[in-house]
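Since the model is a prediction, treat every value here as computed from it, not as a measurement.
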Amino acid sequence: MSADHPLRRALPLFLGAGLCFTALDSTAKLLLMRDHALLVVVWARYAGQMAAVTPYARHRLGPDFWRTKHLKVQLLRSSMLVLATLGFFGALRYLPLAEASAISNLAPVFIVLLSPWLLGERPGRARLAAALAGFAGVVILLRPGSSVLHPAALLLFVTAITNALYGMLTRKLGGDSPHTTLFYSALVGTVLLTPLLPFVLVTSAWSWQSAGLFALLGVLAGLGHSMVTRAFLRAPASMLAPFTYVQILWATLFGYLVFGQLPDGASFAGMAVIVASGLALAWQEGRRTRAAVRVP
């Protein structure tokens, strides 16, 4: 890799962000296992992110950091992210971290399937084949006797679909600063969930250890999103996309070290198929992006 290659500066940030997000997911799972309400855990994730990114956005952009050219898209996009988090954290209460992370990474597959209706794009045979391969990996994971064969797995499909919509809406934010977008991602989740807290807050589940985990949740969310935003400022999304799947490796490691959960051979095979599908789609998207740049 040459000294001026974009990945030299962007990749460490991107991999570090994936590590933060996996630690965030593990912290959320610990809190859910301690009987904290799902809405409280998700609220803490967004409130912590907002506390971390708002001063940073204001420092970079000044007092008008919140101004956007696409307010409706920002609000809808951020709402999709909140739904994705609710689905994923809800599933984590019952499912192993690594397998849940693999299924939630089906978002590129759903982008392919939804693109004809939402983006007006007709996916080619190669992209459709890669998408179908991703579903084959899920079938392997959800086989009879699997630890993932649980009703909560349906929430992971909600996560994948809303993540796909979130990604599609991100494409429509041209002209907005990434720092402004990062601010709205935190703001919407915090505003939507704060009024619900009095109805779900259970004080009997709290302890100093839980309070520390909640604080860690916010720190990891803010740090992870800050790192991924800085990575995308240094390298194109199509170049970084294949490295998204490193997060499944982090999830496998954290699942084993923190929860003593290790996927069996068949589950590893299903996860490998999902990763191969995602990498194939990322490679094809990179080719399309480079071809579009070359066309005058």
Side-chain angles (χ1 to χ4, degrees), residues 6-25 27-28 31 39-86 88-89 162-163 165-197 211-237 239-241 244 247:
L7 282 181
R8 181 171 291 276
R9 293 182 299 159
L11 187 56
L13 289 168
F14 195 71
L15 295 179
L19 184 59
C20 285
F21 290 141
T22 304
L24 168 71
D25 295 339
T27 305
L31 286 167
L39 289 180
V40 177
V41 176
V42 177
W43 172 84
R45 174 248 186 275
Y46 283 102
Q49 178 185 336
M50 188 173 175
V53 305
T54 302
Y56 182 68
R58 193 183 192 285
H59 171 72
R60 294 300 299 266
L61 302 177
D64 291 334
F65 69 93
W66 56 273
R67 295 190 181 276
T68 171
K69 299 177 182 178
H70 312 281
L71 179 59
K72 291 182 179 178
V73 178
Q74 287 281 13
L75 296 179
L76 182 58
R77 170 187 176 274
S78 298
S79 298
M80 291 299 103
L81 184 59
V82 174
L83 290 175
T85 306
L86 284 167
F88 187 66
F89 283 8
T162 49
N163 266 332
L165 294 172
Y166 166 82
M168 291 180 182
L169 290 167
T170 300
R171 300 185 188 183
K172 299 181 181 294
L173 292 177
D176 277 0
S177 166
H179 304 295
T180 301
T181 298
L182 188 61
F183 166 72
Y184 276 97
S185 298
L187 174 70
V188 171
T190 306
V191 170
L192 287 178
L193 297 175
T194 298
L196 303 176
L197 290 182
L213 290 174
F214 271 105
L216 181 61
L217 204 65
V219 170
L220 290 169
L223 182 60
H225 278 279
S226 175
M227 292 175 74
V228 79
T229 299
R230 289 161 59 197
F232 282 130
L233 290 174
R234 290 165 171 77
M239 190 177 291
L240 290 169
T244 301
Q247 193 167 339

Is the side chain of [X] donor-acceptor paired with the backbone N or O of [Y] at a distance under 3.5 Å, no angle test?
X    : Y    : answer
T190 : Y46  : yes
T27  : L217 : no
S226 : G222 : no

Under 3.5 Å side-chain donor-acceptor pair for T180 and R67 =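 Side chains of T180 and R67: no pair found under 3.5 Å.
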Would you compute the distance between atom [atom1] of [X] and atom [atom2] of [Y] and round it to the nearest 0.5 angstrom?
X    : Y    : atom1 : atom2 : answer
R77  : T162 : CZ    : OG1   : 12.5 Å
L169 : S79  : CG    : OG    : 9.5 Å
Q74  : F183 : CD    : CZ    : 10.0 Å
M50  : T194 : CE    : OG1   : 8.5 Å
L216 : L24  : CG    : CG    : 8.5 Å
R45  : T85  : CZ    : OG1   : 4.5 Å

side-chain contact (heavy atoms from CB on, under 4.5 Å) partner of V73, chosen from D176, L173, T181, T68 =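 Among the candidates, only L173 passes.
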Apply side chain to side chain contact (heavy atoms under 4.5 Å, CB included) to the pair L196 and W43, showing each step before the final yes or no.
-> CA-CA 9 Å; L196 303 176; W43 172 84; over 6 Å; no
Grab the two heavy atoms, one from [X] and one from [Y], that are nearest each other, plus how far apart they are.
X    : Y    : answer
A17  : M227 : N-CE, 3.8 Å
G224 : F21  : C-CZ, 3.5 Å
V53  : A186 : CG2-CB, 4.3 Å

Do L76 and K172 touch side chain to side chain, with heavy atoms closer than 4.5 Å?
->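 The answer is no; the side chains never approach within 4.5 Å.
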Out of F65, W66, Y56, which one pairs with H179 under the ring-ring contact (aromatic ring centres under 6.0 Å, His included) rule?
->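 Between H179 and the candidates, ring-ring contact (aromatic ring centres under 6.0 Å, His included) is satisfied uniquely by Y56.
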Residue pair L197, L39: steps toward the side chain to side chain contact (heavy atoms under 4.5 Å, CB included) verdict = CA-CA 7 Å; L197 290 182; L39 289 180; 5.6 Å; no
Please step through side chain to side chain contact (heavy atoms under 4.5 Å, CB included) for the pair S185 and H225, ending with a clear verdict.
-> CA-CA 10 Å; S185 298; H225 278 279; 5.5 Å; no
